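What follows is a set of notes on a single structure, which appears directly below.
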Amino acid sequence: RRSPFPLFSLRNMKLTISGAFVAALAATCSVSTEAFTPLGLQRQSAFVAHSNGLVSNRKRVAGSPLYSSVSESVDSKNTLYTRRPRPPYIPGHIPDPDYVRIFDTTLRDGEQSPGATLTSQEKLEIARMLAKLGVDIIEAGFPIASPDDFAAVKDIADKVGNEVFEDGYVPVICGLSRANPKDIERAWDAVKGAKRPRIHTFIATSKIHMETKLNKTPEEVIEIAVNAVTFAKSLGCDDIEFSPEDAGRSDPEFLYKVLSAVIEAGATTLNIPDTTGWNMPWEFGNLIKLLRENVKGADRVVFSTHCQNDLGLATANSLAGALNGARQLECTINGIGERAGNASLEEVVMSLALKGDTQFAGGPGTGKLYTAINPVHISPTSKMVSEYTGMICQPHKAIVGANAFKHESGIHQDGMIKNKSTYEIMTPESIGLMRGDAQSGAGIVLGKHSGRNAVGTRLKELGYDLEPEKLNAVFARFKEVAEKRKGGLEDEDLEALVIDQAGAINMMWRITGLQVATGMSGIPTATVKMMGPDMVERYVATTGTGPVDAVYKAIDQIVGVSVILENYSLSAVNEGIEALAVTRVSISPKAGGPNDVPSIHSQGGIFKNRKFSGSGSDTDIITSSARAYVSALNKLLSWNARRAMQQVEDEAKADEESRVGNAQPARPMAVAEVQA
């Protein structure tokens, strides 16, 4: 039947969405990065992006002292912790040999974590937070993977890559590519709009990879690597990073040859990956030392590390690399990434902040290593990445875990009361975690009689300064939950509600009614009512193996999707029968189904379906489960809609180019002119 709304057509309960609607939807989904920044820090480090691309600070960044001190004096509380000046950015050279560049790959390698798929808008917001944090290089993605990946990288390059801070800092925007012309040209097209664009290309160099994955001889691998760097340089890129994949298991003698060759071809950064997390710290550190001593032209490039965490040694290996002369360290927020993850940015940065000037002698420079990261933005960035990816940190995670600055042992508590430095080597405030008077001084108990201002104030103290529209949504959910709870809501409950509303971005479908019947006898049955983007309510009743299964089947029928539930987890925010339940799910479309979303894996080079995560919370576990599932489905449908719109634009562009007739294609002509 024909919909009364011109933007939609209904065909067997499935939804077809026009590109105009998607564009309008995306335009309304922007969430300020300030939402994850504690209020005090916003007042101290707020910035304004001007029309000329300059980002200016309203005030200098002021935080608490980095170290816990014996006495909390007025002077120590007023200590300024400003972002340290960084040497001028020069590809292939760092004027100060003690400076360590931080290369963040959260948006590329971090997003390869199963279920950690991010929307384009979420990627842009994370990139802006990384710029506030002060990372030197942002690896924004793998542009060839899909049209949506390309668009996201280009958007970050065009926007974040041109927002210059008043101290002259602007992040390098990097795109990953395999060592072939198509990948490299696609990466360059995505990042070239940034003030400082970089291409990162790679090919495997270990025996097992060359023989079984690439089916190439060592000589062929060297030729491919050289051709890749040469082609990237011919496009006009003067900042080229090359990685010998699986270097940690490669023959050092072969690495000398391939790395010397790519330096001669024009590479400016040599990234040495411990791709499988195989190396010990002393082993990896010695590899960096050998490469710096034996690679021809090593003095003309910056050596970098990229360490995986399969043995839990990623941070240790990265620091061992820095000890032996690596001056770029690749890492991710919260350590997320392929398999067991990557070196954790917060661990690497705070290790250098606390020990960089005393424990790194022996390499180039004075051995007093430092970065220009402003750690007061670590906690807000960690929260944003955690909530957008659905990858929750374990409570005991170093630096950013929920228990990192909590003390339960009586002996520890006694020591903390007398002197905080007895059990804390840094202050939580130094990483942006605002502990202290804000948490206990107001004496506010949040319950069903609490107003919007009280809820908003407490959220700000917890690090969430939400925009009015999002605060209204969180407050509405707060009132729903508070009506069912005795004794008020704890901080963990409030944070769960914020996470729940974070999944409302690009909300195309929402549940308006839910009822289940289940028990030891009888078949579990669910009746679900939902409202779609055309504002028409639909309902379906289905049966399943259990109440959650029945609900999910009903949702699938209404929305018209065919997906696989990859992961389902349910946890209580706190103790007690009235505890708020938080559900997290990850889904992937069935191959060949109506929602199939294949993309190219950056390392394997194979097509695989993306995974989408969602979270929901409620005092009712069935409702919580339903909200999480719909959140994940909304991400999938929004991604598909953007991809469809991009395909339409690409087809229109191709049609336009086909009208040229017998004339030579524009791109080859442009290349010929450049070479001339």
Side-chain angles (χ1 to χ4, degrees), residues 92 94 97-103 105 202-210 218 221-222 225 241-263 267-331 335 337 340-344 347-349 351-352 355-371:
I94 302 177
D98 291 330
Y99 183 73
V100 179
R101 288 175 178 168
I102 298 298
F103 179 112
T105 184
F202 70 95
I203 190 170
T205 55
S206 65
K207 183 179 179 181
I208 187 172
H209 276 248
M210 289 190 292
V221 167
I222 293 177
E241 178 172 336
F242 174 78
S243 291
E245 186 187 4
D246 203 20
R249 296 191 296 174
S250 298
D251 178 10
E253 294 293 334
F254 179 60
L255 287 177
Y256 302 158
K257 294 179 182 179
V258 67
L259 295 180
S260 298
V262 296
I263 291 175
T268 55
T269 299
L270 298 183
N271 180 49
I272 311 304
D274 182 19
T275 304
T276 59
W278 171 252
N279 295 127
M280 295 292 106
W282 50 90
E283 189 180 9
F284 188 74
N286 187 58
L287 175 61
I288 298 296
K289 183 173 182 285
L290 290 174
L291 294 177
R292 290 183 57 246
E293 293 173 347
N294 293 281
V295 171
K296 295 178 182 178
D299 57 332
R300 305 200 305 270
V301 297
V302 175
F303 277 85
S304 170
T305 68
H306 180 106
C307 300
Q308 299 292 136
N309 205 38
D310 296 70
L311 291 175
L313 297 171
T315 295
N317 283 341
S318 299
L319 296 173
L323 176 64
N324 286 276
R327 289 299 179 261
Q328 175 180 289
L329 304 182
E330 302 198 357
C331 40
N342 290 271
S344 166
E347 294 172 15
V348 168
V349 166
S351 294
L352 291 175
K355 310 285 279 187
D357 60 350
T358 60
Q359 299 297 317
F360 288 86
T366 66
K368 296 182 180 296
L369 304 189
Y370 71 99
T371 73

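All figures in this text were calculated on a predicted structure; none of them were measured in a lab. Below, all heavy atoms of this structure are taken into account, side chains as well, without hydrogens, waters or symmetry copies.
Rounding to the nearest 0.5 Å places OG1 of T269 at 9.0 Å from CD of E330. F254 contributes atom CZ, which lies 13.0 Å from atom NZ of K207 (distance to the nearest 0.5 angstrom). The CD1 atom of I102 sits 5.0 Å away from the SG atom of C331 when rounded to the nearest 0.5 Å. Taking CG of D251 as the reference point, atom CE of M210 lies at 8.0 Å (rounded to 0.5 Å). Here CD1 of I272 is found 6.0 Å from CZ of F303. Values are rounded to the nearest 0.5 Å. For the atom pair OG1 (T276) and CD (Q308), the distance works out to 8.5 Å, reported to the nearest 0.5 Å.
Looking at E241 and F202, their side chains never come closer than 4.5 Å, going by heavy atoms from C-beta outward. The closest side-chain heavy-atom distance from L291 to Y256 is below 4.5 Å. Contact check for P244 versus P273: side-chain heavy atoms found under the 4.5 Å cut-off. Under the 4.5 Å side-chain criterion, counting only non-hydrogen atoms from C-beta, D357 is not in contact with L369. Using a 4.5 Å heavy-atom cutoff, the side chains of Q328 and Y99 are not in contact.
If you check the side chains of N342 and H306, you find a donor sitting under 3.5 Å from an acceptor. With no hydrogens or angles considered, a side-chain donor-acceptor pair links E347 and T315 at under 3.5 Å.
Under the rule for a side chain to side chain donor-acceptor pair (under 3.5 Å), the partners of T268 that lie at least two apart in sequence or sit in another chain are D239. Scored by the side chain to side chain donor-acceptor pair (under 3.5 Å) test, T205 finds S250 as partners (sequence neighbours excluded). Residues that satisfy the side chain to side chain contact (heavy atoms under 4.5 Å, CB included) test with A225, not counting sequence neighbours, are I203, F242, V258, V262. With sequence neighbours excluded, the residues forming a salt bridge (Lys or Arg N to Asp or Glu O under 4.0 Å) with R249 are D246, listed by chain and number.
Contact between P281 and A316 at its shortest, heavy atoms only, is CG-CB, 3.8 Å. Considering every non-hydrogen atom in both S318 and L329, the closest pair reads O-CD2, 3.5 Å. Across A322 and R327, no two heavy atoms sit closer than the pair O-NH1, 2.8 Å. When every heavy atom of Q359 is checked against every heavy atom of L323, the shortest pair comes out as O-CD1, 3.8 Å. Of all heavy-atom pairs between R292 and A298, the closest is O-CB, 3.5 Å. Minimum interatomic distance between G321 and T305 (heavy atoms only, all atoms of both residues): CA-CG2, 4.0 Å.
For the pair D274 (side chain) and N279 (backbone), a donor-acceptor distance under 3.5 Å is present. Formation of a donor-acceptor pair under 3.5 Å by the D98 side chain with backbone atoms of G367 is found in this model.
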Using atom types as modelled, flag every donor-acceptor pair under 3.5 Å from a side chain in residues 283-290 to any protein atom, sequence neighbours excluded.
residue, atom, partner, partner atom, Å
E283, OE1, M280, N, 3.1
K289, NZ, E293, OE2, 3.1

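Annotation: salt bridge (charged side-chain N to carboxylate O under 4.0 Å, His left out) contacts involving residues 308-321, sequence neighbours excluded, comprise D310-R339.
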